Amino acid sequence: MSRYSSSFYKDQKAAARPIWRESFVGLDWLALRASPVFYGLGVPRGDHSAVITVPGFMGTDLYLQELHWWLRRIGYRAYLSDIGRNADCLDVLVDRLLDTIEKAHTDTGGRVHLIGHSLGGILALSAASLRPDVVASVITLGSPFRGIRSHPMVLEMSKIVRARVKSARRDQTKPACYTGYCDCDAVSALHTPCPQTIPHTAVYTKTDGIVDWRVCVNEDTARNVEVNGTHVGLAFNPAVYELIARRLAQK
């Protein structure tokens with residue numbers, strides 16, 4: 001697995017992304033509903049192993065309900081992340097995710113698959129680095145794990161979140177919270193590659209209107225998969241669903 005870029009929240013760069021493309025997210029959703037994949041046709045059946053879906057920046061588990069119930073429909077024990085809104089200290093969010101991973105591992109007695117959308121994929125990679133003994137695989141959907149190059153509006157929102165997180169912290173021992181300089185477990189784990197025993201599939205789209213797709217791919221091109229669609233729509237894309245089914249079925 002590629003080393004996570006140390007530029008995360010250090011050297012954030014605005015990317016001239018055509019954010020208007022995200023207005024086509026409805027087409028991704030409609031294509032999913034029209035696809036046989038959505039109904040579990042033509043994809044491998046699951047083995048009842050645990051799969052946790054992790055929402056992206058500013059999102060909650062609510063918008064991943066479609067993916068969650070589809071995973072159950074094709075034969076997996078699907079779990080929502082239970083991290084709350086993805087707009088908090090990364091260490092806090094990863095701790096919550098680790099609690100869910102532990103619960104899923106205890107329930108099923110097996111290792112757990114993680115699927116993270118956007119920033120949720122970064123949380124998944126951090127958790128996998130911290131608990132490689134219980135994580136089976138990671139699939140990231142448009143996750144900028146090689147450094148932040150996003151639309152200026154997204155960067156401004158991240159600054160607002162960072163200011164709120166810092167003002168809410170009673171413990172001032174981590175002044176670099178929500179930056180790449182933070183020495184918390186979650187951020188430190190992002191600088192340590194996961195064992196090769198944990199396969200990482202990086203899904204990206206070159207028509208991403210929010211994140212520069214170049215920071216969403218591994219150095220190992222065999223682990224990267226390109227699809228057509230929007231950044232937000234990666235959570236509803238039929239090509240992504242088919243890929244997830246096939247990757248989860250690999251032993």
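This is a predicted model, so every value here is computed, not measured. Each residue takes its place number in the sequence, starting with 1.
Remark: side-chain polar atoms of Thr205 are paired, donor with acceptor, to backbone N or O of Gly229 under 3.5 angstrom. Within the 3.5 Å criterion, the main-chain N or O of Arg214 finds a donor-acceptor partner in the side chain of Asp212. Arg111 places no side-chain N or O within 3.5 Å of a backbone atom of Val134 that could act as its donor or acceptor partner. For Ser126 (side chain) and Ile122 (main-chain N/O), no donor-acceptor pair under 3.5 Å exists by modelled atom type. Using modelled atom types, no side-chain atom of Arg33 and backbone atom of Phe38 make a donor-acceptor pair closer than 3.5 Å. The backbone N or O of His231 sits less than 3.5 Å from a side-chain atom of Glu22, completing a donor-acceptor pair. No donor-acceptor pair closer than 3.5 Å links the side chain of His48 to the backbone N or O of Tyr76. A donor-acceptor distance shorter than 3.5 angstrom exists from the side chain of Tyr241 to the backbone of Ala235, with no hydrogens or angles considered.
Between Ile115 and Leu141, the closest side-chain pair of non-hydrogen atoms falls below 4.5 Å. Using a 4.5 Å heavy-atom cutoff, the side chains of Asn86 and Thr60 are not in contact.
Between Ala104 and Val112, the shortest heavy-atom distance links the atoms CB-CG2, 4.0 Å. The two residues Val211 and Pro144 come nearest to each other via the heavy atoms CG1-CB, 3.7 Å. Contact record, Arg131 with Asp133: NH2-OD2, 2.8 Å, taken as the closest heavy-atom pair. Here the shortest heavy-atom pairing between Val37 and Pro238 reads CG1-O, 4.1 Å.
Linking Ile, Leu, Val, Met, Phe, Trp and Tyr residues whenever their side-chain heavy atoms come within less than 4.5 Å places Leu71 and Trp29 in a single cluster.
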Thr108/Arg77 under side chain to side chain donor-acceptor pair (under 3.5 Å): CA gap, chis, key distance, verdict: CA-CA 8 Å; Thr108 62; Arg77 289 282 297 274; over 6 Å; no
Can you check side chain to side chain donor-acceptor pair (under 3.5 Å) on Tyr63 and His117, steps first, answer last? CA-CA 11 Å; Tyr63 82 93; His117 180 222; 2.7 Å; yes
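The neighbour count for Asn228 CG, taken as heavy atoms of other residues, nucleotides or ligands under 6.0 Å away, does not exceed 12.
Between Lys103 and Asp82 there is no salt bridge, since none of the side-chain N atoms of the basic residue sits less than 4.0 Å from a carboxylate O of the acidic one.
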